[in-house]
*Asks:* 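Right, I'll just put the structure down here and ask away after.
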Number of protein chains: 2
Amino acid sequence: MDDASAPADPNLGLLLYIPYRYLESGVMEALRAHGHDLPLNQARVFQRISPEGSRLAELAEAAQLPKQTVGSIIDQLEAAGYVQRSIDPQDARARLVSITPRGQQLIEISLPVLHDVEAAWRAHLGARRTLQLKEALTALREITDPFLRPKA
Amino acid sequence: MDDASAPADPNLGLLLYIPYRYLESGVMEALRAHGHDLPLNQARVFQRISPEGSRLAELAEAAQLPKQTVGSIIDQLEAAGYVQRSIDPQDARARLVSITPRGQQLIEISLPVLHDVEAAWRAHLGARRTLQLKEALTALREITDPFLRPKA
DNA sequence: TGCACAAGGACCGAGCATCGGACTATTTTG
DNA sequence: CAAAATAGTCCGATGCTCGGTCCTTGTGCA
């Protein structure tokens with residue numbers, strides 16, 4: 001994370017972060033253009049919500065944030081009408097956070113941006129290298145996603 | 001940024017973010033283990049500082065944060081002895097933020113972590129794909145790094 | 001050469017995000 | 001069934017974030 005050679009040859013961390021941020025900015029801007037100006041922290045949690053609904057603790061673990069933080073972010077997403085809480089049929093202690101129709105709009109606005117950016121990257125890198133990039137990242141997820149490694 | 005298929009097949013944004021966060025966590029943990037427990041936002045700004053010194057506005061642009069935010073983060077990094085401000089010889093209005101010897105320690109703690117993680121990734125992906133990944137990310141930086149595109 | 005305007009930063013203060021700790025409701029365990 | 005574990009919420013303190021404003025130094029133009 002801390003490398004002396006900042007602009008010259010950034011470390012792997014920045015190398016990953018820079019395109020990530022680019023993508024994120026693009027999506028946030030599109031959302032804003034469509035009248036959804038949710039803050040970044042809300043968007044970051046929102047994107048982790050599974051279509052089938054997610055539990056708070058799941059989201060917290062995936063986002064590496066304390067439960068209360070995610071809790072208050074979900075409060076806001078709920079107040080804005082993007083998500084709703086319901087009782088998990090599997091476990092009455094838990095709440096299932098799921099995406100409302102209004103929340104779906106966010107996804108529908110984001111998807112084309114994602115595709116456009118990917119297309120731009122493909123134009124810059126070429127189809128083969130773009131594919132390799134996605135494959136490598138997907139493979140990397142197996143060893144780096146905290147959510148995927150339940151008990152390590 | 002917002003894709004319905006969260007755990008199944010995350011979008012490109014998450015795909016980039018997940019390994020980034022993994023790397024970052026590893027570095028932060030190592031720093032903490034060595035008695036440096038600076039907060040994440042400080043580390044994120046710190047890593048952007050060029051060895052020759054950086055200006056505040058540069059850092060703000062690269063990190064996509066307002067100047068005042070970066071200013072207060074630099075205040076803290078300075079108070080902790082990791083960086084120092086000096087007058088930019090090129091322009092007396094500007095301050096040059098540069099890394100102190102104590103700040104160098106952060107880098108020296110981080111580098112081996114970076115290398116270890118990269119080695120682990122290489123073990124998982126293979127040498128060729130790891131190299132391809134780095135190349136692709138570096139190439140991507142040309143079109144995604146806000147700092148690299150001065151006036152676009 | 002002088003003056004208006006731009007650019008780099010610092011200061012102040014309001015608002016709110018973050019997160020530890022304690023608490024309640026449910027499930028699991030022995 | 002009690003005891004322990006687990007999901008989430010509530011409360012409150014700390015302090016981060018960032019808009020507005022001001023000061024200083026550089027730059028452009030007549």
Side-chain angles (χ1 to χ4, degrees), chain A residues 21 24-25 28-29 32 37-50 52-80 82-98 146-147 150-151, chain B residues 21 24-25 28-29 32 37-50 52-80 82-98 146-147 150-151:
Chain A
R21 203 67 169 78
E24 185 175 63
S25 300
M28 293 305 290
E29 193 180 337
R32 227 173 296 120
D37 65 346
L38 70 173
L40 203 45
N41 55 5
Q42 288 179 36
R44 285 181 173 168
V45 169
F46 181 87
Q47 84 179 319
R48 307 275 191 164
I49 301 171
S50 147
E52 303 84 40
S54 300
R55 291 190 184 182
L56 224 106
E58 272 176 22
L59 296 174
E61 185 192 4
Q64 301 187 62
L65 291 171
K67 280 188 302 176
Q68 317 96 294
T69 301
V70 175
S72 90
I73 291 172
I74 295 296
D75 284 345
Q76 296 167 274
L77 285 169
E78 194 170 21
Y82 296 125
V83 306
Q84 66 191 22
R85 272 184 253 233
S86 53
I87 295 170
D88 188 337
Q90 306 294 306
D91 184 339
R93 288 172 302 182
R95 304 281 174 269
L96 225 39
V97 178
S98 52
F147 185 68
K151 298 291 152 268
Chain B
R21 201 69 169 78
E24 184 175 64
S25 300
M28 293 306 288
E29 194 180 337
R32 227 174 295 120
D37 65 348
L38 70 173
L40 202 46
N41 55 6
Q42 289 179 35
R44 284 181 173 168
V45 169
F46 181 86
Q47 85 179 319
R48 306 276 190 163
I49 301 171
S50 147
E52 303 84 39
S54 299
R55 292 191 185 180
L56 228 113
E58 272 176 21
L59 296 174
E61 185 192 3
Q64 300 188 60
L65 292 172
K67 282 189 299 176
Q68 318 97 292
T69 302
V70 175
S72 90
I73 291 171
I74 295 294
D75 284 346
Q76 297 166 273
L77 285 169
E78 192 170 22
Y82 295 126
V83 306
Q84 66 191 23
R85 273 185 251 233
S86 53
I87 295 171
D88 187 337
Q90 306 294 305
D91 186 338
R93 288 172 303 182
R95 305 281 174 270
L96 224 39
V97 178
S98 52
F147 184 67
K151 298 290 152 265

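Numbers restart at 1 for each chain; the letters A, B, ... are given by sequence-line order, proteins then strands.
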*Asks:* Which sits closer to the 5' end of DNA chain C, A/Gln90 or A/Gln68, going by the nucleotide each is nearest to?
*Replies:* A/Gln68
*Asks:* Quick one: A/Glu61 CD to D/dA7 P, roughly how many Å, whole number?
*Replies:* 10 Å
*Asks:* Test salt bridge (charged side-chain N to carboxylate O under 4.0 Å, His left out) on A/Glu58 and A/Arg48 and set out the steps.
*Replies:* CA-CA 9 Å; A/Glu58 272 176 22; A/Arg48 307 275 191 164; over 6 Å; no
*Asks:* Using a heavy-atom cut-off of under 4.0 Å over every strand shown, decide if B/Asn41 touches base, sugar-phosphate, or nothing.
*Replies:*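 The answer is sugar-phosphate, as B/Asn41 gets under 4.0 Å only of primed atoms, P, OP1 or OP2.
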*Asks:* Figure out the CD1/P separation between A/Ile74 and D/dG8, and round it to whole Å.
*Replies:*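 Taking atom P of D/dG8 as the reference, CD1 of A/Ile74 is at 10 Å.
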*Asks:* Give the rounded distance in Å between these two atoms: CG of B/Leu56 and P of D/dT24.
*Replies:*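 So the two atoms are 18 Å apart, to the nearest Å.
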*Asks:* Going from CD on B/Gln47 to CG on B/Leu59, what distance comes out if it is rounded to the nearest 0.5 angstrom?
*Replies:*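 Between B/Gln47 CD and B/Leu59 CG, I get 11.0 Å after rounding to 0.5 Å.
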*Asks:* Which nucleotide sits closest to the side chain of B/Gln76: D/dC16, D/dT25, D/dT9?
*Replies:* D/dC16
*Asks:* Using the side-chain heavy atoms of A/Lys67, tell me which of these nucleotides is nearest: D/dG8, D/dT25, D/dC18.
*Replies:* D/dG8
*Asks:* Minimum heavy-atom separation for B/Met28 to B/Leu38, with atom names?
*Replies:*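 For B/Met28 versus B/Leu38, the nearest heavy atoms are CE-O, 3.1 Å.
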*Asks:* Toward the 5' end of DNA chain D, which comes first, B/Pro39 or A/Gly71, by nearest nucleotide?
*Replies:* A/Gly71
*Asks:* Out of curiosity, B/Glu24 CD to B/Leu40 CG, how far, rounded to the nearest 0.5 Å?
*Replies:*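 It comes to 4.0 Å.
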*Asks:* How far does CD of A/Gln64 sit from OG1 of A/Thr69, to the nearest 0.5 angstrom?
*Replies:* 13.0 Å
*Asks:* For B/Arg55, check salt bridge (Lys or Arg N to Asp or Glu O under 4.0 Å) against everything at least two apart and list the hits.
*Replies:*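 Partners of B/Arg55 by the salt bridge (Lys or Arg N to Asp or Glu O under 4.0 Å) criterion, ordered by chain and then number, come out as B/Asp88.
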*Asks:* For A/Ser72 and A/Ala92, find the nucleotide of DNA chain C closest to each by heavy atoms; which residue's nucleotide sits nearer the 5' end?
*Replies:*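 The residue whose closest nucleotide sits nearer the 5' end is A/Ser72.
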*Asks:* Thinking salt bridges, do A/Arg32 and A/Glu29 make one under a 4.0 Å N-O criterion?
*Replies:* no
*Asks:* Between atom CG in A/Asp91 and atom P in D/dA7, what is the gap in whole Å?
*Replies:* 7 Å
*Asks:* Calculate the interatomic distance between B/Ile73 atom CD1 and D/dG15 atom P; express it in whole Å.
*Replies:*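 The answer, rounded to whole Å, is 15 Å.
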*Asks:* Hey, where on DNA chain C does chain B first and last touch, going 5' to 3'? Cut-off is any atom under 4.0 Å from a heavy atom.
*Replies:* C/dA6 to C/dC11
*Asks:* Take atom CG of A/Leu40 and atom C1' of D/dC16, then tell me their distance rounded to the nearest Å.
*Replies:* 15 Å
*Asks:* Which one, D/dC10, D/dT6, D/dT25, comes nearest to the side chain of A/Arg93?
*Replies:* D/dT6
